[in-house]
Amino acid sequence: MVRVALDTPLRRLFDYLPARDATFDPQPGARVRVPFGRQRLVGVVHSWAASSDVPREKLKPLLEILDAEPVIDAGVMELIEFASQYYHHPVGEVIAAALPKLAREGAASRALTERWYPTEAGAAALDGKELGRARKQRELLGILCAEPGIAATELTQRLDDWRTAMRALVGRGFVFSAEVADEAPVADPPLLRSTGPALSAEQSAAVSAIDAAAGKFAPFLLHGITGSGKTEVYLHAAEHCLRHGKRALVLVPEIGLTPQLVARFRERFAVTVAVLHSGLTDSERLAAWRECVSGAARIVLGTRSAVFAPAANLGIVIVDEEHDASFKQHESGFRYSARDLAILRAQRAGVPIVLGSATPSLESLQNVVSGKYTRLSLPRRAGQALPPRAAVIDLREHAVRAGMSTPAVEAMQRHLDAGGQVLVYINRRGYSPTLACTACGWIAPCRDCDARLTVHLAAAKLRCHHCGAEAPLPEDCPQCGYAVRHVGQGTERVEETLTSLFPAMPIVRLDRDVVRKRGDLESVVSRIASGEARILVGTQMVTKGHDFPSVTLVVVLNADQGLFSTDFRAPERVAQTIIQVAGRAGRGDRPGEVMIQTEYPGHPLLRSLLEEGYDGFARTALAERAAAGWPPFAHVAALRASASTLAAATDFLREARALARLPRGLKLLGPAPAAMTKRAARYHAQVLLESPERAPLHRALSAWLPAIEGLKHSRDLRWSLDVDPLELF
Ligand code: ADP
Ligand code: ZN
Ligand code: ZN
């Protein structure tokens with residue numbers, strides 16, 4: 001019996017009989033096509049079993065074996081299995097997340113080339129008279145006899161419109177074609193295309209520590225301030241691993257936002273670097289995946305789901321910007337943390353893993369404290385660059401014009417006069433976050449969310465940043481007809497203000513409204529890098545790994561956002577953003593300056609961050625988490641539900657809660673409405689399961705979930721489980 005994992009929400013495997021008249025049996029990790037009800041699905045062989053719970057006469061045979069070799073190797077299969085248990089998610093859906101769409105639909109695991117061959121009759125006909133005066137057919141047949149197996153693409157380069165003549169030859173039985181799998185190149189090209197700068201003492205020490213751990217599981221936290229040369233450490237560590245004939249797996253948060261990292265790997269290495277991310281078209285993704293399957297790729301670089309990429313003979317795993325929230329898939333489907341699974345993958349493979357960041361997550365820092373991870377520090381900037389000087393501007397003490405304080409404007413003038421570039425950070429896109437009536441107090445709300453609509457002036461639209469709803473921008477209050485006012489700042493408005501303040505200075509803006517398609521980001525980045533633009537206004541996007549050597553001043557407009565959020569991770573995010581944005585200043589040979597505008601200069605978080613740096617902040621924040629019993633000092637899972645009424649969502653959760661049988665020490669909290677209860681016309685609520693230890697939490701979930709699955713509910717209600725959620729409310 002073959003056990004097959006299918007992409008269905010059912011938490012089980014499906015048994016099949018071996019395929020009729022197959023010459024071989026598919027191995028675990030190979031794809032097969034199977035009948036499923038009235039459908040035919042592509043699944044992955046999980047295992048072979050001696051018996052089945054299903055009576056034999058009810059079992060159906062496999063329809064087709066798609067892979068002679070597994071496309072998911074034993075190591076990744078184990079990872080998938082673990083992920084399915086840890087996140088309590090159906091294994092078939094986990095496997096689906098591990099494969100590109102076209103592979104899930106049955107596309108060949110190797111690129112196929114159309115090749116042409118002569119038949120024996122064809123070879124004989126070349127010398128005979130049968131072809132008569134068919135000049136083109138004769139020429140084509142001649143090529144095929146001289147080079148049997150020539151690729152169709154090659155023929156196209158040599159002969160125009162050869163297909164008509166070829167059809168005639170096929171009709172005469174003189175030629176035939178076959179789709180042949182491409183072979184991976186046998187000889188490897190040289191490893192390096194270029195060599196980097198000589199390493200600093202700290203960089204060398206980090207690289208040596210990682211090298212010394214080769215061949216065994218060893219987690220490292222590479223904590224290097226921005227611009228300290230972490231990437232250079234990754235490149236060297238990867239190089240050493242490649243020299244030993246192994247492969248490197250590199251995970252990054254969002255490639256669309258960090259094309260520079262990909263570029264640096266490609267500039268350094270001459271070997272194939274397979275790049276896997278969500279911005280690719282389906283066929284590009286398939287092509288990159290094929291490079292992994294065939295083993296042609298020596299380096300696999302990708303976002304989240306690349307943690308499941310095939311990479312036989314793995315020698316190292318690298319996770320860049322390990323603190324980044326986008327490593328956690330939390331929106332839909334299979335909710336997993338690629339960073340956490342990467343650690344597990346390295347552990348199973350018995351190889352070192354490097355988690356790099358200028359602002360490590362509190363979880364990882366705690367793992368250093370507890371001795372699980374080894375910390376490698378890069379406390380100085382690479383090359384000549386000095387860390388920037390930071391100052392706080394108290395917004396209550398200074399005149400502010402459209403969000404810009406006088407000292408900030410003066411500093412900008414100074415840096416621009418000196419030939420520097422200035423980066424202005426604000427964490428909101430659009431023109432203003434609120435449209436309000438000056439008379440009756442009406443505020444433009446989203447009809448479907450507990451949120452205000454954002455003004456997008458250039459587009460003359462109101463937009464909801466939570467559900468995507470759009471409405472025309474009203475000129476007068478729809479309630480009383482009086483004039484409306486734009487309240488607060490977004491990137492679009494800051495750009496407008498700066499244009500009027502510095503009319504001679506070219507300004508570019510970087511946010512998700514500007515970067516909509518491929519190439520947009522590159523063009524903005526190149527306008528900064530070339531020095532053409534002097535002022536850059538942007539959201540979080542500007543913090544992601546770009547290296548702008550001429551930026552000498554960074555102004556942070558609204559650092560207070562998030563200081564008072566209900567989300568327990570908000571302070572960590574604020575600190576990370578400030579440090580990451582500040583890190584964009586002074587990366588070249590001119591010293592940098594950072595100005596942080598705030599209405600709460602005395603806030604303990606801001607103070608610890610400015611006075612003691614990220615480490616000082618992290619100590620304070622970890623102590624707070626320990627006192628409150630929050631992760632990483634507790635383990636949490638969130639059972640979430642949504643429905644078109646809040647009552648339906650909470651009723652379901654109440655019933656679910658009643659089914660839980662908890663051992664001592666575990667706590668259930670809720671049901672409680674989510675922080676943003678109404679989102680996209682649905683009401684969200686949740687129950688939190690909390691445990692001081694991980695194991696009992698998982699045991700409790702394993703017992704609880706089948707009971708929840710047995711609950712009857714309307715089709716309108718949707719529920720999901722999120723293990724290690726990023727947000728608790
Ligand atoms: P990080 O990833 O830590 O922010 P990068 O690796 O991007 O830092 O390095 C910042 C800059 O310093 C880059 O331009 C890089 O080429 C340069 N750099 C890195 N290491 C060295 C070194 N040892 N000597 C000189 N320049 C270096
Ligand atoms: Zn009004
Ligand atoms: Zn909305």
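Atoms within each ligand, like the ligands themselves, are counted from 1 in listed order. All residue numbers in this chain count up from 1 along the given sequence. Model, not experiment: these values are computed from the prediction.
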| task | For the pair R339 and D320, find out whether any cationic side-chain nitrogen is under 4.0 Å from an anionic carboxylate oxygen. | result |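 Salt bridge between R339 and D320, a charged N being under 4.0 Å from a carboxylate O: no.
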| task | Give a yes or no on whether a salt bridge exists between E492 and R429, defined as a side-chain N under 4.0 angstrom from a carboxylate O. | result |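 Salt bridge: no.
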| Check against salt bridge (Lys or Arg N to Asp or Glu O under 4.0 Å), K328 and D722 | CA-CA 10 Å; K328 176 82 197 267; D722 191 355; 2.7 Å; yes
| message | Assess the residue pair Y425 and Q540 against the criterion (side-chain hydrogen bond (donor to acceptor under 3.5 Å, both in side chains)); give the C-alpha distance rounded to whole Å, side-chain angles, the decisive distance to 0.1 Å, and a yes or no. | response | CA-CA 8 Å; Y425 166 83; Q540 258 85 341; 3.3 Å; yes
| task | Give a yes or no answer on whether the side chain of R268 reaches the backbone of L192 with a donor-acceptor pair at less than 3.5 Å. | result |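 Checking the backbone N and O of L192 against the side chain of R268, no donor-acceptor pair under 3.5 Å is found.
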| task | Look only at the side chain of R335 and the backbone of G333, and say whether a donor-acceptor pair between them is shorter than 3.5 Å. | result |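 Present.
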Taking non-hydrogen atoms only, is [X] closer than 4.0 angstrom to ligand 1 via side chain, backbone, both or neither?
| X | result |
| --- | --- |
| R264 | side chain |
| Q203 | side chain |
| T231 | both |

Assess, by modelled atom type and distance only, whether the side chains of [X] and [Y] contain a donor and an acceptor separated by less than 3.5 Å.
| X | Y | result |
| --- | --- | --- |
| Q580 | T359 | yes |
| H223 | S377 | no |
| T677 | H684 | no |

| Test salt bridge (Lys or Arg N to Asp or Glu O under 4.0 Å) applied to E363 and R569, step by step | CA-CA 11 Å; E363 276 85 355; R569 269 182 229 270; 2.8 Å; yes
| NE2-OG1 distance between H236 and T195, expressed to the nearest 0.5 angstrom |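 Result: 8.5 Å between the selected atoms.
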| task | Would you confirm whether the ring centroid of H456 sits within less than 6.0 angstrom of the ring centroid of H465? | result |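 Yes; H456 has its ring centre under 6.0 Å from that of H465.
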| query | Ignoring water, what protein N, O or S atoms are under 2.8 Å from the Zn ion (ligand 2)? | reply |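 Sorted hits: C437 SG, C440 SG, C477 SG, C480 SG.
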| Can you list the residues that meet the salt bridge (charged side-chain N to carboxylate O under 4.0 Å, His left out) rule with R247, with sequence neighbours excluded? |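 None.
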Among [options], which residue places a heavy atom closest to [atom]?
| atom | options | value |
| --- | --- | --- |
| atom 3 (O) of ligand 1 | E232, K230, E321 | K230 |
| atom 4 (O) of ligand 1 | G224, G196, G227 | G227 |
| atom 8 (O) of ligand 1 | G229, A358, G356 | G229 |

| message | Under 4.0 Å, counting heavy atoms only: does S200 come that close to any atom of ligand 1? | response |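 Distance cut 4.0 Å: S200 passes for ligand 1.
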Less than 3.5 Å apart, which donor and acceptor atoms pair up between the side chains of residues 477-485 and the rest of the protein, not counting sequence neighbours?
none

| request: Could you please tell me which protein N, O or S atoms lie under 2.8 Å from the Zn ion (ligand 3)? | output: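 Less than 2.8 Å away from the Zn ion (ligand 3) sit C446 SG, C449 SG, C464 SG, C467 SG.
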| said: Out of all atoms in ligand 1, which are within 4.0 Å of some heavy atom of A198? Include the element for each. | reply: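 Checking each atom against A198, I get 22 (C), 23 (N), 24 (N).
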| Quick one: which ligand 1 atoms are inside 4.0 Å of a heavy atom on L199? |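 Matching atoms, with element in brackets: 23 (N).
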| field | Polar atom proximity, T226 to ligand 1 (N or O, under 3.5 Å) | value |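 Looking only at distances, the answer is no, because the N/O contact criterion of under 3.5 Å is not met.
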